[in-house]
Amino acid sequence: PEGMIGFYKRHVTLIVDYSVKPDMRRYVVEAEGPRHYIDLDEYENLDSMPKYWFDAVEKYGEQTLNERGTVPWSAYLTYKQLVKAFAEHNYQKIIVKSCDLAHYLADANVPLHTTSNYNGQKTGQRGVHAFWETRLPILFSDGYDFLLARPAMLKTLNKPFGRVYSTPIVS
């Protein structure tokens with residue numbers, strides 16, 4: 001929203017620095033790792049996947065969820081923490097939670113962060129994760145057009161929860 005753009009622009013240096021903090025925490029905070037992925041292929045029926053964490057814990061157990069990844073619930077919890085930070089006018093926390101949320105949402109949209117075969121280990125393609133996230137961008141980034149048009153909104157249906165969301169698309 002217009003009222004927020006100035007705040008985020010003023011703090012762009014911090015945002016750039018903090019946007020990688022969740023990956024850095026993975027090496028020192030054991031609970032951080034599962035927040036970056038979800039092995040959707042390990043679930044029998046995505047249509048009945050619980051939306052809320054405590055419902056998911058009741059259905060699958062916390063250990064199973066942590067083994068299969070928790071990114072959707074981690075993103076939602078982080079969103080709620082961000083809303084609270086805004087209500088409290090806690091500007092440092094707003095920046096941190098904004099960066100964490102952006103990181104988790106970005107990870108949730110990486111195809112290899114949604115499968116238990118994330119590194120090709122089950123199909124004889126070991127190393128595909130680094131190839132996808134690092135090697136291909138290095139090889140082809142000179143040809144990327146990093147300037148995008150203003151996004152337009154497209155109505156989409158989110159099947160598992162039966163809600164219509166507005167999703168940005170580039171026109």
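Please read these numbers as outputs of a predicted model, since none were measured by experiment.
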Partners passing ring-ring contact (aromatic ring centres under 6.0 Å, His included) against Phe54 (at least two apart in sequence or in another chain):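 ring-ring contact (aromatic ring centres under 6.0 Å, His included) list for Phe54, sorted by chain: empty.
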Pairwise ring-ring contact (aromatic ring centres under 6.0 Å, His included) hits with a residue in residues 95-127, at least two apart: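 Residue pairs with at least one partner in residues 95-127: His36-His103, His36-Tyr104, His113-His129.
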Side chain to side chain donor-acceptor pair (under 3.5 Å) partners of Thr123, counting only residues at least two apart: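 Thr123 satisfies side chain to side chain donor-acceptor pair (under 3.5 Å) with Asn117, Gln125 only.
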Looking at side-chain heavy atoms only, is the closest gap between [X] and [Y] below 4.5 Å?
X	Y	answer
Pro22	Glu32	yes
Asn119	Arg126	yes
Val128	Leu112	yes
Ile38	Trp73	yes

Measure the spacing between [atom1] of [X] and [atom2] of [Y] and express it to the nearest 0.5 Å.
X	Y	atom1	atom2	value
Leu101	Ser19	CG	OG	12.5 Å
Asp39	Thr114	CG	OG1	8.5 Å
Lys9	Ile15	NZ	CD1	11.5 Å
Leu82	Thr78	CG	OG1	9.0 Å
Leu40	Leu46	CG	CG	5.5 Å
His11	Cys99	NE2	SG	11.0 Å

Please determine whether residues [X] and [Y] belong to a single hydrophobic cluster, defined as Ile, Leu, Val, Met, Phe, Trp and Tyr linked transitively by side-chain heavy-atom distances below 4.5 Å.
X	Y	result
Phe140	Phe131	yes
Val29	Tyr37	no
Leu105	Met24	no

Under the side-chain contact (heavy atoms from CB on, under 4.5 Å) rule, collect the residues that match up with [X], sequence neighbours excluded.
X	result
Arg10	Phe7
Asn109	none
Tyr27	none
Ile138	Thr134, Arg135

Closest heavy-atom contact between [X] and [Y]?
X	Y	answer
Asn66	Thr70	OD1-CG2, 3.6 Å
Val71	Arg35	CG2-O, 3.1 Å
Thr115	Pro111	CG2-O, 3.9 Å
Pro50	Tyr60	CD-CE1, 3.8 Å

Pairs satisfying salt bridge (charged side-chain N to carboxylate O under 4.0 Å, His left out), at least one member in residues 52-74, at least two apart: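 The answer is none; no pair qualifies.
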Assess whether atom [atom1] of [X] is packed by more than 12 heavy atoms of other residues, nucleotides or ligands within 6.0 Å.
X	atom1	answer
Tyr43	OH	yes
Glu44	CD	yes
Trp132	CH2	no

Hydrophobic cluster (4.5 angstrom, side-chain heavy atoms) - remaining members for Leu77: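 Joined to Leu77, directly or through intermediates: none.
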Output a table of donor-acceptor pairs, distance under 3.5 Å, between side-chain atoms of residues 83-95 and any protein atom two or more places apart or on a different chain; print 'none' if there are none.
| unit_1 | atom_1 | unit_2 | atom_2 | d |
| --- | --- | --- | --- | --- |
| Asn90 | OD1 | Lys93 | N | 3.1 |
| Gln92 | NE2 | Tyr18 | OH | 2.9 |

Flag for Asp41-Ser116: side-chain donor and acceptor within less than 3.5 Å: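 There is such a pair between these side chains.
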Residues which pass salt bridge (Lys or Arg N to Asp or Glu O under 4.0 Å) with Arg26, listed by chain and number, not counting sequence neighbours: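 Counting only residues at least two positions away or on another chain, Arg26 forms no salt bridge (Lys or Arg N to Asp or Glu O under 4.0 Å).
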Qualifying residues under salt bridge (Lys or Arg N to Asp or Glu O under 4.0 Å), relative to Lys122, sequence neighbours excluded: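 Here the qualifying residues are Glu42.
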